[in-house]
Amino acid sequence: MPEEKKAADKFTTIDELARRRGFFWQSNEIYGGVAGFATYGSLGAKLKQNIERKLRELFVNKLGILEIESPVITPSKVFEASGHIDHFKEPMVECLNCKKRFRADHLLQEHAKIGESESERMNLKELNEAIERHIIKCPECGGTLGKPKLFSTMFKTTIGPYAGAVGYGRPEAAQGIFVEFRRLYEMTREKLPFGVLQVGHALRNEISPRQGLIRLREFTIIDLEFFFDPEEPNCFLLKDVEKEKLRLFLAESKLRGSEEITEVTIKKALKKGYIKAEWQAFFMACFQKVLADLGVPAEKQRFIEKLPWERAHYSLQSFDQQFYDERWGWTEVSGHAYRTDYDLKRHMEFSGQDMRVYKECEEPVEKEQLIIKPIMAKLGPIFKRDAAAVAEMLSKTDPKEIETSLKKKGHHMLGKFKILPEHVEIERQKVVERGSRFIPHVVEPSVGSDRLVYVALEYAYHVKEGRVLLSFPRDIAPVQIGVYPLVSKDGLPEKALKLHKRLLDEGFMVDYDEAGSIGRRYARADEIGIPLGITVDYDTLKDDTVTIRDRDTWEQVRSPIAALPELLRRYFRWKINFKDLGKPFKG
RNA sequence: GCGGUUGUAGUCUAGUUUGGUCUAGGACAUCAGCCUGCCACGCUGACGACCCGGGUUCAAAUCCCGGCAACCGCACCA
């Protein structure tokens, strides 16, 4: 905009631009709005779609990852299994005097020497009793503490008319993938490794969301769950990325209080054990590329390793991908967690469904198996009604243990039951093992779509000669082409409208504008990041050629209309550059 | 949630201290028209605002209370 506000920071400037030009704004403004919700306007919605499309192109199209779409509302059982109900809430106490709030369990750990695992298992009543017993006062002012209460950051609801049917808005899209694992695995024709992607809304009832698109209560999450065999953890795509460098901010540096960045190739990061899973390293490289393609240079990116107590309950190792933000410093865009078999294992326990996969051995292994068979004809008369239970116990005990015991002592005690050699038949059987069952491991890259939109905006924002440009990479620009008559008379608008229609018909996102001077229209277009401007002038009427203008350099070339569709298609697929679009032209 | 600051058209803002000449002023944007022959030209006109709800007062954008929201700190951020 005309006067440049030196004082305003980039975030404020972008926020204002976004509202004015219709990228996004706060929802429900007419009622005052509530923090943490945003509505995208047509430009923002398109930008977001384009960014998501790029991710799909990379992961779904090129890497063959499956995409699914599952519901936001999820029965509570799912989050009991996933551990979110236990972990997505915090017991808080408020000081009755100074009103400051504290984590109840943290206070007990610090002031009552109660261990972390113990304090975390306590319910509110126990916490309250423990606080009273240890006479814990407010660490700030010494005031009396109120009763602890839980603050859940999941949105709770009831499903249907029954209050007992509790559901939650999902805080991540991942669980929608884990619960469908069996079917998805069948869809890959039972082959590992494979990945599943989901793009969708997630809900987190943040205590105090600020920062616009960066922290929303309802947002779009892109979760990618990649399943692999922990015994074959090698990433067969690693060679494509192993020479790429990552900037790591390792936990060990953090613990030392250092800000040291370890810049290493993927290969070295794995060799040195900085990153534990190859696939995780691979996806980290992918996301570094994604951010680079959105305009964030490598030196404005880093991966920060989470300290053990900062990690989610399901994670063995986590990195957060951060970009440098002028307002807030290093800000997370994506998280990379090694979730191991945690989720599938839990769903297996809670649902009773088998989440294991079957793996054939390379060669069948012949094994001799020891089998202890109860002779019921003998057990019955001796143990009477306990006979069945004894047989059951026999089957659950390690046969080897029974055999040695019988050999050495002449009997084996099963609880109070004394088993003698004549009660059982010992058999050695040859069994051929053709395979085994195991729970796959998972690495998860997870990225906030809204944050990507913000990143793209922040890094596209430029000021040239006092005018604002959004220099979006050409493949994410919400509008690709502007078509303008040089002046709005002498048949130029008619000619330009025809061209506009034709380009729309070719599948491009095209704007038409004839209001105001040509310079004004270029400026308007630059401000919403339209990469190319096509102008119909008096020569167009004679020879059917038009000028094409580059948003970033303001240079122009001249080209015949007939050649445009093919040229433009190739331009937007990054096959050719601006200069290849036509002959140089001076207006 | 707490403390501080703040809330005027699409955007940025004047006015708020000291209530009344405020029928709320300006700039930019937008729209209509003229103009316009390649980078925000100019002219004419139009549209458009006191965050919401109470209170004090003859009178409230202005003072008071409550709510909501934003910004900055604290806390939270799986």
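Within every chain, numbering begins at 1; the chains are lettered A, B, ... in the order of the sequence lines, protein sequences first and strands thereafter.
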Q) Among residues 491-502 of chain A, which residues get a heavy atom nearer than 4.0 Å to RNA chain B? A) none
Q.
Mind checking if A/Thr547 touches a base, just sugar-phosphate, or nothing, with heavy atoms under 4.0 Å?
A. base
**Q.** Who pairs with B/G19 - Watson-Crick or G-U, where each distance is under 3.5 Å
**A.** none
(Q) Under 4.0 Å, counting only non-hydrogen atoms across every strand here, what does A/Ile518 touch: a base, just sugar-phosphate, or nothing? (A) sugar-phosphate
Q. Relative to the ring of A/Tyr512, is the ring of A/His500 parallel (under 30°), tilted (30 to 60°) or perpendicular (over 60°)?
A. tilted
Q) Base, sugar-phosphate alone, or nothing: which one does A/Arg210 contact when heavy atoms must sit under 4.0 Å apart? A) base
(Q) For a quick check, with a 4.0 angstrom heavy-atom cut-off, what is the B/S/- contact string for nucleotides 43-50 of chain B, read 5' to 3'? (A) --------
(Q) If the cut-off is 4.0 Å, is A/Arg520 near the phosphate of B/A29, judged by side-chain N/O to OP1 or OP2? (A) yes
(Q) Could you identify the nucleotide paired to B/C63, looking across every strand shown and requiring Watson-Crick or G-U wobble geometry with both distances under 3.5 Å? (A) B/G55
Q | B/G73 - base-pair partner by Watson-Crick or wobble geometry, distances under 3.5 Å | A | B/C2
(Q) Counting the atoms with a prime plus P, OP1 and OP2 as sugar-phosphate, which does A/Lys464 contact under 4.0 Å by heavy atoms, base, sugar-phosphate, or nothing? (A) nothing
Q: Would you mind telling me which of B/C72, B/U36, B/C38 lies closest to the side-chain atoms of A/Arg327?
A: B/C72
Q: Please check the phosphate of B/C38 (OP1 and OP2 only) for any side-chain N or O of A/Lys586 closer than 4.0 Å.
A: no
Q) Which sits closer to the 5' end of RNA chain B, A/Tyr314 or A/Val34, going by the nucleotide each is nearest to? A) A/Val34
Q. Does the B/C77 base have a donor-acceptor partner in the side chain of A/Arg204 within less than 3.5 Å?
A. no
Q. Does A/Ser517 put a side-chain nitrogen or oxygen below 4.0 Å from OP1 or OP2 of B/A40?
A. no
(Q) Determine whether a donor-acceptor pair (N or O, by modelled atom type, separation under 3.5 Å) exists between the side chain of A/Gln198 and the backbone of A/Ala173. (A) yes
Q: Look at all strands and tell whether A/Ser318 reaches a base, only sugar-phosphate, or nothing, counting heavy atoms closer than 4.0 Å.
A: nothing
Q: Would you indicate which nucleotide in B/C39, B/C38, B/C12 comes nearest to any side-chain atom of A/Arg467?
A: B/C39
Q) Closest heavy-atom contact between A/Trp330 and A/Gln322? A) CB-OE1, 3.5 Å
Q | For A/Leu492 against A/Val536, the heavy-atom pair lying closest together | A | CD2-O, 3.7 Å
Q. Can you say whether the rings of A/Phe323 and A/Tyr454 are parallel (under 30°), tilted (30 to 60°) or perpendicular (over 60°)?
A. tilted
Q) Closer than 4.0 Å, any side-chain N/O of A/Gln26 to the OP1 or OP2 of B/A70? A) yes
Q) Considering only heavy atoms and no angle criterion, is a donor-acceptor pair shorter than 3.5 Å present between the side chain of A/Tyr484 and the base of B/C38? A) no
Q | Close side-chain approach of A/Leu55 to A/Ile222, heavy-atom, < 4.5 Å | A | yes
**Q.** Base-pairing assignment for B/A27 (Watson-Crick or G-U wobble, both under 3.5 Å)
**A.** B/U11
Q. Does the separation of the ring centres of A/Tyr522 and A/Trp554 fall below 6.0 angstrom?
A. no
(Q) At 4.0 Å (heavy atoms only), tell me whether A/Ala312 reaches a base, stays on the sugar-phosphate, or touches nothing. (A) sugar-phosphate
Q. Under the criterion ring pair (Phe, Tyr, Trp, His ring centres under 6.0 Å), which of A/Tyr314, A/Phe227, A/Tyr338 is the partner of A/His441?
A. A/Tyr338
Q. Considering only side-chain heavy atoms of A/Ala35, which listed nucleotide, B/G37, B/A70, B/C31, is closest?
A. B/A70
Q.
Between A/Pro171 and A/Phe11, which residue's closest nucleotide on RNA chain B lies nearer the 5′ terminus?
A. A/Phe11
Q. Where along residues 536-545 of chain A does a heavy atom fall under 4.0 Å from RNA chain B?
A. A/Asp537, A/Tyr538
(Q) Students often get this wrong, so: under 4.0 angstrom with heavy atoms, is A/Arg215 touching a base, only sugar-phosphate, or nothing? (A) base
Q | Side chain of A/Asp490 - closest among B/A40, B/G37, B/C12 | A | B/G37
**Q.** Minimum-distance nucleotide to A/Leu486 side chain [options: B/C31, B/C38, B/C12]
**A.** B/C38
(Q) Could you check whether A/Asp9 and A/Thr12, counting side-chain N and O atoms only, form a donor-acceptor pair closer than 3.5 Å? (A) yes
Q) Does the side chain of A/Leu17 reach to within under 4.5 Å of the side chain of A/Leu470, using non-hydrogen atoms? A) yes
Q.
Only pairs with both distances under 3.5 Å count, Watson-Crick or wobble alike; so what is the partner of B/U36 in this structure?
A. none
Q) Once you round to the nearest 0.5 Å, how far does CZ of A/Phe59 lie from CZ of A/Phe226? A) 10.5 Å
Q | Chi angles and distances behind the salt bridge (charged side-chain N to carboxylate O under 4.0 Å, His left out) call for A/Asp450, A/Lys48 | A | CA-CA 7 Å; A/Asp450 311 272; A/Lys48 193 173 165 189; 3.4 Å; yes
Q: Using the salt bridge (charged side-chain N to carboxylate O under 4.0 Å, His left out) rule, take A/Asp544 and A/Lys495 through it: C-alpha gap first, then chi angles, then the decisive distance, then the call.
A: CA-CA 10 Å; A/Asp544 258 355; A/Lys495 186 78 183 168; 2.7 Å; yes
Q) So which of A/Lys464, A/Arg20, A/Arg467 actually passes salt bridge (charged side-chain N to carboxylate O under 4.0 Å, His left out) with A/Glu527? A) A/Arg20
